[in-house]
Student: 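Following this message is one structure expressed as structure tokens.
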Amino acid sequence: MKTIRSVESMTTWSEGLRREGVTIGFVPTMGALHDGHRALIRAARLRCDALVVSIFVNPTQFGPAEDLAKYPRPIRKDRELCRQEGVDVCFEPSASAMYPVGCQTVVTVPAIAARWEGKARPHHFAGVALVVTKLFGIVRPHLALFGQKDYQQAALVRQLVEDLNLGVEIMVRPTVREPDGLAMSSRNVYLSPEERIAAPALYKSLLAGAEAIHSGTTDVSVVQSAMATVVKHESKVTVDYLAVCDPRTLEPLSVVTSKVVLLSALRLGSVRLIDNLTVARPSGRR
Ligand code: PAF
């Protein structure tokens with residue numbers, strides 16, 4: 001496995017392979033890799049001849065009061081996981097290589113970024129959109145993989161690729177969960193032992209919402225109250241949002257007519273966790 005730090009070397013490597021007809025898969029990450037990333041890497045490995053993983057803690061997607069400085073950076077462990085999984089290149093650019101002095105372009109996807117995570121973290125999605133656009137330009141992949149855990153991010157990336165004709169196929173893979181249902185996330189390490197015990201309430205609330213829909217509830221306020229009932233007994237949990245949305249636009253719905261996405265965000269102390277579940281209304285019901 002090669003480690004590439006320079007933007008120019010990364011592009012030269014990819015361009016050389018593209019000329020030979022080699023397909024390039026790409027998993028962009030901020031490191032602190034876990035089994036969710038491993039699943040993305042394995043899915044890419046099955047579909048592409050060559051595989052690049054980027055490890056870059058992107059400063060532009062963190063707000064001033066967020067955890068950029070203390071974001072976990074276990075780089076040796078990350079490289080080892082990549083090596084085990086047969087990754088060809090770990091792309092590890094510095095912040096100054098990605099954002100040299102004079103870099104001024106902004107990329108925004110206004111409607112998708114406006115709600116939910118975008119409201120809680122106002123600069124976050126502009127930072128994600130910018131870095132993903134740049135990484136695609138540098139790595140030049142045929143296929144890029146994202147986890148469903150960051151549902152809104154995946155929707156934004158799909159829109160971005162379509163609007164800017166970036167020519168990268170986007171694949172979104174299911175969320176990988178701990179045995180108690182908690183979605184794997186690099187931020188789970190911040191949870192205290194008590195918060196970790198309370199954290200699966202997030203997924204349980206989504207399951208309660210799905211159960212309400214499966215049993216025929218179409219009124220979104222009833223679905224939301226089924227979700228809220230699960231978390232209200234957890235004293236450590238504060239709800240940011242429990243939403244029932246259109247799976248493509250992420251606009252909130254008032255009635256469940258077909259497929260929806262349940263989106264939720266909770267706070268446990270200083271840790272903010274997000275999760276989601278897509279749910280189809282039972283067939284035969286009108
Ligand atoms: O999901 C992430 O880890 C990041 O938002 C991404 C896509 C690597 C961009 O920095």
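What you see is a predicted model; the values in this text were computed from it and never measured. Atoms within each ligand, like the ligands themselves, are counted from 1 in listed order.
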Student: Asn58 to ligand 1: N or O pair under 3.5 Å?
Tutor: no

Student: What residue and atom, counting heavy atoms only, is the protein's closest point to atom 10 (O) of ligand 1, and at what distance?
Tutor: Gln61 OE1, 2.6 Å

Student: Distance only, no hydrogens: is a donor on one side chain within 3.5 Å (strictly under) of an acceptor on the other, for Tyr151 and Glu117?
Tutor: no

Student: Name the closest protein heavy atom to atom 1 (O) of ligand 1, giving the residue it belongs to and the distance to 0.1 Å.
Tutor: Gln153 NE2, 2.8 Å

Student: Do His142 and Glu169 have side-chain heavy atoms sitting under 4.5 Å apart?
Tutor: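 His142 vs Glu169: side chains apart.
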
Student: Short question: side chain of Thr108, backbone of Pro110 - any donor-acceptor pair under 3.5 Å?
Tutor: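 No; zero donor-acceptor contacts below 3.5 Å.
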
Student: Taking NZ, NE, NH1 and NH2 as the nitrogens, is one of them in Lys119 or Asp240 under 4.0 Å from a carboxylate oxygen of the other?
Tutor: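 Salt bridge: no.
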
Student: Which ligand 1 atoms are under 4.0 Å away from a heavy-atom of Val131?
Tutor: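 In order of numbering, the contacting atoms are 9 (C), 10 (O).
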
Student: Would you mind telling me if ligand 1 is within reach of the side chain of Thr29, the backbone, both or neither, using heavy atoms under 4.0 Å?
Tutor: backbone

Student: If you measure only the distance, is there a donor-acceptor pair under 3.5 Å linking the side chains of Asp49 and Thr23?
Tutor: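 Yes, a side-chain donor-acceptor pair sits under 3.5 Å.
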
